[in-house]
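For reference, the structure is listed below as C-alpha cells.
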Amino acid sequence: MAAPGVWLLSRLPLCAQTRSLVRCPALRRLSCAGTLAADFRREEQPSGSAETGCKDKTPMKTFSEVQDGRREQAQRTVLIQCPNKISEKKFLKYLSQHGPIHSHFFYESFGLYAVVEFCQKDSIDSLLNGTQIPTVGTEAVIPFRSRFFSLKLKSPSGHITEKSPVQPSNQLPPSSKKLSELLCSAESVADQLTTLLKEFQLTEENTRLRYLTCSLIEDVAAAYFPGCTVRLFGSSVNTFGKLGCDLDIFLDLEETRKLGTHKSMGNFWMEFQVKSVPSERIAAQKILSVIGECLDHFGPGCVGIHKILNARCPLVRFSHQASGFQCDLTANNRIALKSSELLYIYGTMDWRVRALVFGVRCWARVHSLTSGIPGAWITNFSLTAMVIFFLQIRSPPILPSLDALKTLAGTEDKCIIEGNNCTFIRDLNKIKPSENTETVELLLKEFFEYFGNFAFNKNSISIRQGREQNKPDSSPLHIQNPFETSLNISKNIPVSDPCTPLEPYGDECHAVCFLVRTFLMMPCLPLPLPSH
Ligand code: GTP
Ligand code: MG
C-alpha cells in the first residue's frame with residue numbers, strides 16, 4: 001500500500017503554477033562550442049545534488065557572478081518573432097552575416113520565437129543597422145528600435161518544404177494529467193519530490209528568456225536613465241523559481257549615482273543640475289510612472305500596464321507578451337535583491353532545500369493556501385522562509401542561521417542597505433556542508449509535524465537567529481523579515497473574522513487556522529480537507 005504521503009502527492013491536481021529546470025539541462029541548440037552554457041549549468045547546480053548525481057568539484061560562483069554573467073549573456077542576445085514555417089538552417093545562415101552565433105533556441109507563445117545569442121555584442125549593432133522600421137497600412141508607426149525583431153519571409157512558400165522543422169523548447173509546466181501520471185509512477189515520496197523539482201524548476205532556456213526580457217526592459221529604462229541597470233530578483237534567480245512564475249525586476253540607479261569620477265581640482269567640483277522631491281518614495285513613484293508610460297507607449301510586446309504606485313512598495317505591473325511573463329517592476333529594491341541572494345545560498349547549499357520548498361509550495365497551492373492573485377494568503381516567500389527555518393532547527397542543522405552566515409562573512413561581504421545590516425558570507429565554497437543525512441521523505445513528514453504543533457499564537461519564525469522567538473505583536477502569523485528585523489513578512493495575513501470562529505483556534509486568523517489544521521492533517525491523509 002502506498003504511504004499516506006504518496007497518496008497525497010499523487011492526487012495533486014497541480015494547477016498550472018510553474019515548473020523549473022533540472023540543474024543539468026541540455027541546451028536545445030548550441031550553434032558554436034558552448035562553454036558559457038556549460039558554465040552556467042555548473043553555476044546553478046546545487047551542491048551535492050543527489051537528484052542529478054553530479055559530483056562536480058568546480059568552485060561554485062557567487063550570486064553576483066552568476067547574475068553578471070547572465071546579464072552579459074542577455075546583452076548579446078536578441079528576441080525574434082519568426083514565421084511559423086521556417087528553415088532553421090537558413091535562419092542561422094541569414095543571422096550569421098552579423099557575426100558568429102553562440103547559441104539559440106526556439107519557443108512558442110502565440111507564434112514562434114527565437115532567442116539568439118551572438119558571440120559578440122557588435123553583432124547586435126550590425127543587426128540593428130540592417131533592420132528596417134515597418135510600415136503598417138494606414139496607421140502611424142512609432143519608430144522604436146529595440147532588440148526585439150520580426151523576421152519576414154521574402155517568399156512565404158520557399159521555406160515550407162524544410163525537412164527538419166524547428167523544435168520549440170517547452171516553457172510551460174507539465175499538465176496536471178502528465179504530472180499526476182509522473183507522480184503516480186514514482187516509487188517513493190522522495191522520488192515524487194525529485195520529480196516535482198525536475199518538472200517544475202526553471203529550464204536553462206526559460207532562465208535565458210527571463211534575463212533577456214529584463215535586459216529588453218533595461219533598454220527602455222535607459223532612454224531616461226543612461227547607464228541604469230534593471231535587475232532580476234525573486235524566484236527567477238533565488239533557485240526556487242518554477243516555470244510560469246512572475247518576473248520580479250527593479251530599476252537600480254546606484255551605478256548612475258556613482259558614474260563619473262568625482263574630480264575636484266582647486267576650489268571646485270561639478271554636480272548635475274537635478275530636481276528634488278520630498279522623499280525616496282516619491283522619487284520612486286515619479287520614476288516608475290514615466291517608465292510605465294514609456295513601456296505602455298513604446299515597449300514592444302509590453303501590454304496591460306498597471307501603475308500601482310500607492311502600494312507599500314510602488315510598482316508597475318505588465319505582461320511581456322512575447323515571453324509570456326508577468327512583470328513587476330519596482331525601483332530601489334536592493335533589500336529584496338539581498339533576500340534573493342540569501343535564498344540562492346540556502347537553495348544551493350543542499351539539494352534537499354529545493355526539493356522540500358518545491359514540495360511544500362506545491363502542496364500549499366493545491367490546497368489553496370497560496371494563490372497567483374495577491375491577497376490575504378500566505379506567500380511562496382513566507383513558505384520558503386518556513387522551510388528554511390525548519391531546516392535550521394534540525395539536529396544537526398541542515399542550514400545555518402543568517403547570524404551564523406554573518407559570522408563567516410569577511411570585510412568584502414559587508415553590506416548595509418538603508419541602515420539595515422545585510423552582511424553574510426557570499427562565497428558558497430567557504431560554507432561547511434551539513435552533516436545531517438536525513439532523507440527528504442522524513443524531512444517532509446517532520447516539517448508537517450513541526451508546524452502542526454507550532455505555537456503560532458506565541459512564537460515568531462526567525463531565519464536570522466534560526467530559533468523560535470517570542471512574537472512581538474498580535475499578528476496571527478509572524479515570520480521575521482531577515483534584514484528589516486522589526487518587520488513581519490507575513491503581515492498580509494489578516495486576523496480572522498470573529499463572527500466565524502474556527503475552534504479551537506478561534507482567536508487566530510483563517511489562513512493560519514487552515515494552515516495549522518492542514519499541517520495537522522498531513523500525517524493522517526486521506527482525510528477530507530476543509531474548504532477554504
Ligand atoms: P513567486 O511566488 O514564485 O513569485 O515567489 P517570489 O519569491 O518571487 O515572491 P514574490 O514575487 O512575491 O516577491 C519577489 C521577492 O520580493 C521575494 O523573493 C522577496 O525577496 C521579496 N518579497 C516578497 N514579499 C516580501 C515581503 O513581504 N517582505 C519582504 N521583505 N520581501 C518580500
Ligand atoms: Mg516572484
Side-chain angles (χ1 to χ4, degrees), residues 15-21 63 67 173 196-197 200-202 206-207 210 213-214 231-250 252 308 311-320 323-347 353-354 357-365 369-388 402 417-418 420-422 424 460-464 475 477-494 511:
C15 29
Q17 259 215 48
T18 25
R19 125 194 146 175
S20 47
L21 150 180
F63 180 73
Q67 287 235 321
L196 274 184
L197 190 56
F200 278 85
Q201 65 184 348
L202 299 181
N206 196 264
T207 301
R210 284 171 186 273
T213 307
C214 181
R231 294 191 189 279
L232 256 182
F233 68 101
S235 57
S236 300
V237 296
N238 68 15
T239 73
F240 299 109
K242 300 201 289 175
L243 283 177
C245 69
D246 67 354
L247 197 80
D248 301 298
I249 49 182
F250 82 97
D252 187 356
I308 310 170
R312 189 183 63 83
C313 182
L315 76 145
V316 175
R317 177 166 291 164
F318 59 96
S319 295
H320 189 259
S323 60
F325 297 135
Q326 181 186 282
C327 308
D328 277 355
L329 172 67
T330 46
N332 205 8
N333 218 343
R334 288 208 146 230
I335 292 203
L337 184 66
K338 210 62 194 167
S339 300
S340 305
E341 181 169 14
L342 179 65
L343 261 49
Y344 167 86
I345 286 182
Y346 283 135
V353 184
R354 294 175 65 244
V357 168
F358 274 68
V360 169
R361 280 184 173 197
C362 178
W363 162 83
R365 182 60 185 258
L369 291 172
T370 53
S371 166
I373 307 159
W377 325 99
I378 190 161
T379 62
N380 278 333
F381 183 55
S382 295
L383 279 174
T384 307
M386 288 170 83
V387 174
I388 290 171
L402 176 53
I417 303 173
E418 293 157 23
N420 300 293
N421 193 333
C422 303
F424 55 84
S460 162
I461 292 161
S462 165
I463 63 170
R464 173 161 282 280
S475 49
L477 174 62
H478 195 280
I479 304 175
Q480 187 191 49
N481 182 322
F483 298 119
E484 297 165 280
T485 50
S486 61
L487 302 180
N488 173 10
I489 64 169
S490 51
K491 198 172 164 225
N492 60 317
I493 296 186

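No experiment lies behind these values; they were computed from the predicted model shown. Atoms within each ligand, like the ligands themselves, are counted from 1 in listed order.
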Considering both backbone and side-chain atoms of [X], is one of its nitrogen or oxygen atoms within less than 3.5 Å of a nitrogen or oxygen in ligand 1?
| X | value |
| --- | --- |
| Leu343 | no |
| Asp248 | yes |
| Asn380 | yes |

Show the atoms of ligand 1 that are less than 4.0 angstrom away from any heavy atom in [X].
| X | result |
| --- | --- |
| Asn481 | 29 (C), 30 (N) |
| Ser339 | 20 (O) |
| Phe233 | 14 (C), 15 (C), 16 (O) |
| Ala336 | 20 (O) |
| Cys245 | 3 (O) |

Note to self: Considering only residues two or more places apart or on different chains, which pairs with a residue in residues 324-333 satisfy salt bridge (Lys or Arg N to Asp or Glu O under 4.0 Å)?
What the structure shows: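 Counting only pairs at least two positions apart or across chains, the salt bridge (Lys or Arg N to Asp or Glu O under 4.0 Å) contacts touching residues 324-333 are Arg317-Asp328.
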Notebook entry, point to check: Short question: side chain of Ser490, backbone of Leu477 - any donor-acceptor pair under 3.5 Å?
Noted result: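 Side chain of Ser490 to backbone of Leu477, a donor-acceptor pair under 3.5 Å: yes, one is there.
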Notebook entry, point to check: Are any of the side-chain heavy atoms of Arg361 and Thr370 separated by less than 4.5 Å?
Noted result: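 No; the side chains remain at least 4.5 Å from each other.
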Check: Is there a side-chain contact between Phe240 and Asn380, using heavy atoms and a 4.5 Å cut-off?
Finding: no
Checklist line | Heteroatom N/O/S of Asp248 within less than 2.8 Å of the Mg ion (ligand 2) | finding: yes
